[in-house]
There are 2 protein chains.
Amino acid sequence: MSEPRWLTPDQADVWAKYRRVRRELQRAQDQQLQQDSGLSAADYALLAPLSESAGGVLRARELGAEVDWERSRLSHQISRMEKRGLVTREPCADDARGSMVRLTEKGREMIEAAAPTHVETVRRLFFDPLTSDEVRLFGDFLDRILGAVERDSR
Amino acid sequence: MSEPRWLTPDQADVWAKYRRVRRELQRAQDQQLQQDSGLSAADYALLAPLSESAGGVLRARELGAEVDWERSRLSHQISRMEKRGLVTREPCADDARGSMVRLTEKGREMIEAAAPTHVETVRRLFFDPLTSDEVRLFGDFLDRILGAVERDSR
DNA sequence: AGCAGCTTGTTGACATGTCACCGACTTCGC
DNA sequence: GCGAAGTCGGTGACATGTCAACAAGCTGCT
């Protein structure tokens, strides 16, 4: 078996940094959301598109498309949020297979209370350390990596 | 309540991209590892430092420090890996509270079979799309974000 | 109309991760 | 020595995520 091409020290360094940022940034956000609002990142992910939709109602399929989650993940999360009174489920008039997810009053209050602080945290941790030119460059790098990942999936 | 500073469209774009890369890259790696080696990312994370340690044995505390995991997370993961025969637990001679984690022969075979392909995937998806100058710049951006997150935690 | 095949949502089993807590042991100050 | 405080590993409860399978309904072809 031939020796594989390992990462250069520089690459190993950047790779470790990437994983660390991924974890620490996630952790910081989870904690901020939980402490300030009592919401998890998963709660927030679903409440955000719901609160922006007309009437605070979305068909489960649409909600799933917004966040790009698998159906089972979505269903489990909705069940947990339903139990805590953040959303309710209703049958879908158009399609008897379907299920409508409705934001409750409590759910709306919680997302509206959470959003400003959450956005402020994203700005402070992710954008403030970079100039706007650098943000553009960062986005460019991410685009190329995403392209490689997508090519890889096919 | 004053209107909070929302993200600019450019920022919202980059933020969405970042989250997408975070998720898709993770998914691609999990899948590659699972399919090619039958290992999960969590398995790999623990097997890697173990395989590089003298004798393939580490005290749980040291292993935890290597990967920077909480003790309970580590303990749960070791239990699952023990059940699958990747590692064994032994009492620690120096410190009766302690626990030594030993790589089994099977565990060593699996990590050694998995590593080259895993590294190759990291290279292809993460590094090949960028020049080495860009990788350096990327690392610089990550450093600054990490700095902001760490300042935030204190 | 009728049937095959697709879509939609749910469920159960399991892997992973966090939190609070416990029990045992070690360390430190006295 | 000895007791308080800290360290270490583990456990149970729960939240989150993935996968396979299912039930029900929809769609398109004949």
Side-chain angles (χ1 to χ4, degrees), chain A residues 19 22-24 26-35 37-47 57-84 86-102, chain B residues 19 22-24 26-35 37-47 57-84 86-102:
Chain A
R19 285 178 303 164
R22 184 175 65 187
R23 190 184 46 182
E24 293 298 317
Q26 182 78 72
R27 197 194 45 67
Q29 287 193 278
D30 286 355
Q31 189 180 337
Q32 177 271 315
L33 261 180
Q34 189 66 56
Q35 288 193 350
S37 324
L39 293 176
S40 69
D43 296 334
Y44 191 94
L46 296 194
L47 292 179
V57 193
L58 278 178
R59 182 162 173 183
R61 182 183 49 177
E62 302 302 331
L63 180 53
E66 288 287 335
V67 294
D68 195 18
W69 282 14
E70 302 186 5
R71 283 170 303 157
S72 101
R73 179 181 177 188
L74 183 65
S75 179
H76 282 305
Q77 183 62 29
I78 291 172
S79 296
R80 288 187 293 263
M81 291 169 69
E82 201 176 13
K83 215 181 308 182
R84 288 186 293 136
L86 300 177
V87 299
T88 57
R89 272 197 254 236
E90 301 171 6
C92 176
D94 305 351
D95 185 338
R97 292 169 303 181
S99 173
M100 306 297 293
V101 184
R102 180 183 297 279
Chain B
R19 284 178 302 165
R22 184 176 65 189
R23 189 185 47 183
E24 292 299 316
Q26 182 78 74
R27 196 193 46 65
Q29 288 193 277
D30 287 354
Q31 189 181 334
Q32 177 271 313
L33 261 180
Q34 189 66 58
Q35 290 193 348
S37 324
L39 293 175
S40 68
D43 296 333
Y44 190 93
L46 297 195
L47 292 179
V57 194
L58 279 177
R59 182 163 172 183
R61 184 182 47 176
E62 301 303 330
L63 180 54
E66 287 287 334
V67 294
D68 194 17
W69 282 13
E70 302 187 5
R71 282 172 304 160
S72 101
R73 179 182 178 187
L74 184 66
S75 179
H76 282 306
Q77 183 63 30
I78 291 172
S79 297
R80 288 187 292 263
M81 290 169 70
E82 201 176 14
K83 215 180 311 182
R84 287 186 294 136
L86 300 177
V87 298
T88 56
R89 272 195 255 236
E90 302 171 4
C92 175
D94 304 353
D95 184 338
R97 294 168 302 181
S99 173
M100 307 296 293
V101 184
R102 180 182 298 278

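Below, read A as the first sequence line, B as the second, and so on, with proteins coming before strands; counting in each chain starts at 1. Just so you know, these numbers use all the heavy atoms, side chains as well, and skip hydrogens, waters and symmetry mates.
For the pair L58(A) CG and dG9(C) C1', the interatomic distance rounds to 16 Å; values are reported in whole Å. Rounded to an integer number of Å, the gap from L74(B) CG to dC8(D) P is 12 Å. In this entry the distance linking CD of Q31(A) with P of dT18(C) reads 12 Å, nearest Å. Distance, I78(B) CD1 to dG9(D) C1': 9 Å, rounded to whole Å. As a whole-Å value, the separation of L39(A) CG from dT18(C) C1' is 17 Å. Look at CD on E90(A): it is 18 Å from C1' on dT10(C), rounded to the nearest Å. Rounded to a whole Å, the CZ atom of R61(A) is 17 Å from the P atom of dC6(C).
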Quiz: residues 61-76 of chain B side-chain donor-acceptor pairs under 3.5 angstrom, not counting sequence neighbours:
residue: D68(B); atom: OD2; partner: R23(A); partner atom: NH2; Å: 3.1

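Closest of all the heavy-atom pairs between M100(B) and P91(B) is CG-O, 3.7 Å. In plain terms, the two heavy atoms of S99(A) and C92(A) that are nearest each other are N-CB, 3.9 Å.
Taken to the nearest 0.5 Å, the CZ atom of R59(A) stands 7.0 Å off from the CG atom of D94(A). The CG atom of L46(B) lies 5.0 Å from the CE atom of M81(B); values are rounded to the nearest 0.5 Å.
Of the options Q34(A), Q32(A), Q26(A), a side chain to side chain donor-acceptor pair (under 3.5 Å) to D30(A) is made by Q26(A) and by none of the others.
Here R89(A) lies in heavy-atom contact (under 4.0 Å) with sugar-phosphate atoms only. Nucleic acid contact class of D95(B) (heavy atoms, under 4.0 Å, all strands): sugar-phosphate only.
Of the candidates dT11(C), dC26(D), dT11(D), the closest approach to any side-chain atom of S75(A) belongs to dT11(C). Side-chain proximity of R71(A) to dG10(D), dT11(C), dT10(C): nearest is dT10(C).
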Query raised in the report: Along nucleotides 14-19 of chain D, 5' to 3', which nucleotides get a B, which get an S, and which get a -, given that the test is a protein heavy-atom distance under 4.0 Å?
Result: -SBSBB
Atom pairs, N/O to N/O, protein against nucleotides 27-29 of chain D, distance under 3.5 Å?
none

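The shortest distance between side-chain heavy atoms of R84(B) and D43(B) falls below 4.5 Å.
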